[in-house]
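Report on the structure given below.
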Amino acid sequence: MNKNEQFVITINREVGSGGRTIGRKLAEKLGVKYCDKAIVEGLTKKFGLSIERIEEIKAQKKSWWNDVTNYYNTLVNSSSQPMEAEVKLDNNSMFETEKRILKELADRTSCVVAGRSGFLVFREHPNHLGIFIQASMEYRIKRIMRRQNVSEQEARKIIEKLDASRETYIKKYEDTSRYDTRNYHLVISTDDLSEDDVVEVIMEYINRMSK
């Protein structure tokens with residue numbers, strides 16, 4: 001990946017590894033947009049974005065992405081809840097819509113995408129860096145306990161449930177596993193590193209690639 005050209009960085013992560021925070025901090029460090037599940041779902045709900053709706057809005061208003069960007073900024077900078085969707089999408093339609101939103105974003109600007117199957121969506125992108133953030137079960141449990149104020153048993157259940165659902169989600173659309181390291185350029189364990197340390201490791205990698 002060359003940071004001197006328009007790029008997209010995707011971060012897949014294990015729940016409790018700190019990957020979402022790392023993604024946000026990395027985007028801030030690079031001065032680019034950050035996008036995760038909450039933002040994509042907020043945009044979808046606000047604009048009722050099906051594939052057909054996206055094409056319809058684009059045809060009606062060439063600057064439609066400005067509206068999306070303005071609302072994106074509202075979501076990033078506030079804790080307000082997104083509006084209800086104009087349309088209800090089934091899982092397949094939602095997946096395709098999310099892909100379109102992410103690709104529209106990456107077509108216009110450099111960005112960091114956390115989750116949302118980004119490593120699959122952008123695997124053919126000419127300037128893409130795929131990162132997987134992982135951690136030991138012990139580390140993940142302690143982090144979930146601390147952040148969600150739950151017991152060790154509850155934290156383990158949360159992790160096991162999300163691990164299973166995310167793997168099932170990926171396998172539904174692609175014949176691969178999110179744990180297959182061949183899907184990524186860089187795999188980092190956060191057990192012995194702070195979130196800021198991980199960001200610095202990634203930045204060093206990016207800087208070396210951009211020389």
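What you are looking at is a predicted structure, and each value in this text was computed from that prediction instead of being measured.
Between I141 and M145 there is a side-chain heavy-atom pair separated by less than 4.5 Å. Within the 4.5 Å cutoff, the side chain of L102 has heavy atoms near those of the C35 side chain.
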(request) Mind running side chain to side chain contact (heavy atoms under 4.5 Å, CB included) on I22 and V199 for me, showing each step along the way? (result) CA-CA 6 Å; I22 290 167; V199 171; 4.1 Å; yes
(request) Evaluate side chain to side chain contact (heavy atoms under 4.5 Å, CB included) for Q148 paired with I158, printing each intermediate quantity in order. (result) CA-CA 10 Å; Q148 299 192 26; I158 289 171; 3.4 Å; yes
(request) Go through the steps to decide whether E167 and S177 satisfy the test side-chain hydrogen bond (donor to acceptor under 3.5 Å, both in side chains), and finish with yes or no. (result) CA-CA 7 Å; E167 182 71 353; S177 168; 2.7 Å; yes
(message) Does D36 form a side chain to side chain contact (heavy atoms under 4.5 Å, CB included) with I11? I'd like the steps, not just the answer.
(response) CA-CA 9 Å; D36 63 10; I11 296 183; over 6 Å; no
(request) Could you walk me through whether V121 and V8 pass side chain to side chain contact (heavy atoms under 4.5 Å, CB included), step by step? (result) CA-CA 11 Å; V121 174; V8 58; over 6 Å; no
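Placement of V187 and L120 within a single hydrophobic cluster is found when ILVMFWY residues are connected by side-chain heavy-atom separations under 4.5 Å, directly or transitively. Clustering ILVMFWY residues whenever any of their side-chain heavy atoms sit less than 4.5 angstrom apart, transitively, puts Y139 in a cluster other than the one holding V15. Hydrophobic clustering (side-chain heavy atoms under 4.5 Å, transitive across Ile, Leu, Val, Met, Phe, Trp, Tyr) groups M209 together with V32. The same ILVMFWY cluster, assembled from side-chain heavy atoms under 4.5 Å apart, contains both L129 and V198. Residues L193 and M137 fall into different hydrophobic clusters, defined by Ile, Leu, Val, Met, Phe, Trp and Tyr side chains chained together at heavy-atom separations under 4.5 Å.
How far CZ of R182 is from OG1 of T176: 7.5 Å, rounded to the nearest 0.5 Å. Rounded to the nearest 0.5 angstrom, L26 CG and E200 CD are separated by 10.0 Å.
Test R13, K25, R24 against E195 for salt bridge (charged side-chain N to carboxylate O under 4.0 Å, His left out) and you get one pass: K25. Here the rule is side-chain contact (heavy atoms from CB on, under 4.5 Å) with T10, and of H125, H185, H128 only H128 fits it.
Residues S189 and D191 have side chains that bring a donor and an acceptor to within less than 3.5 angstrom of each other. Checked by atom type, the side-chain pair N4/S210 shows no donor-acceptor distance below 3.5 Å. Judged by distance alone, the side chains of N207 and Y205 never bring a donor and an acceptor atom under 3.5 Å apart.
Taking the six-membered ring where the residue is Trp, Y179 and F132 present perpendicular rings, their angle passing 60° and hence far from 30°.
Under a 3.5 Å cut-off, the side chain of N12 and the backbone N or O of G115 do not form any donor-acceptor pair. Listed for the R123 side chain is no donor-acceptor partner under 3.5 Å among the backbone atoms of N183. In this structure, S110 contributes its side chain and F7 its backbone to a donor-acceptor pair below 3.5 Å. Listed for the E5 side chain is no donor-acceptor partner under 3.5 Å among the backbone atoms of N2. When atom types are taken as modelled, the side chain of S194 and the backbone of D197 share a donor-acceptor pair closer than 3.5 angstrom.
The number of heavy atoms from other shown groups lying within 6.0 Å of CG (N149) does not exceed 12. Atom CG of D192 has 12 or fewer heavy atoms from other residues, nucleotides or ligands within 6.0 Å. Around atom NZ of K171, more than 12 heavy atoms belonging to other residues, nucleotides or ligands sit under 6.0 Å away. Counted within 6.0 Å of CD on E138, heavy atoms from surrounding residues, nucleotides or ligands total 12 or fewer; the atom is thus considered open.
Listed here is the closest heavy atom pair of A114 and Y34: CB-OH, 3.5 Å. Minimum heavy-atom separation, Q6 to N127: O-ND2, 3.0 Å. The shortest heavy-atom contact between I9 and M1 is CG1-SD, 3.6 Å.
A salt bridge does not link E14 to R178: none of the charged nitrogens lies less than 4.0 Å from a carboxylate oxygen. Ion pairing between a basic and an acidic side chain is recognised when a charged N comes within 4.0 Å of a carboxylate O; D163 and R156 show no such pairing. Comment: E152 does not engage R146 in a salt bridge, judged by the lack of any side-chain N to carboxylate O separation of less than 4.0 angstrom.
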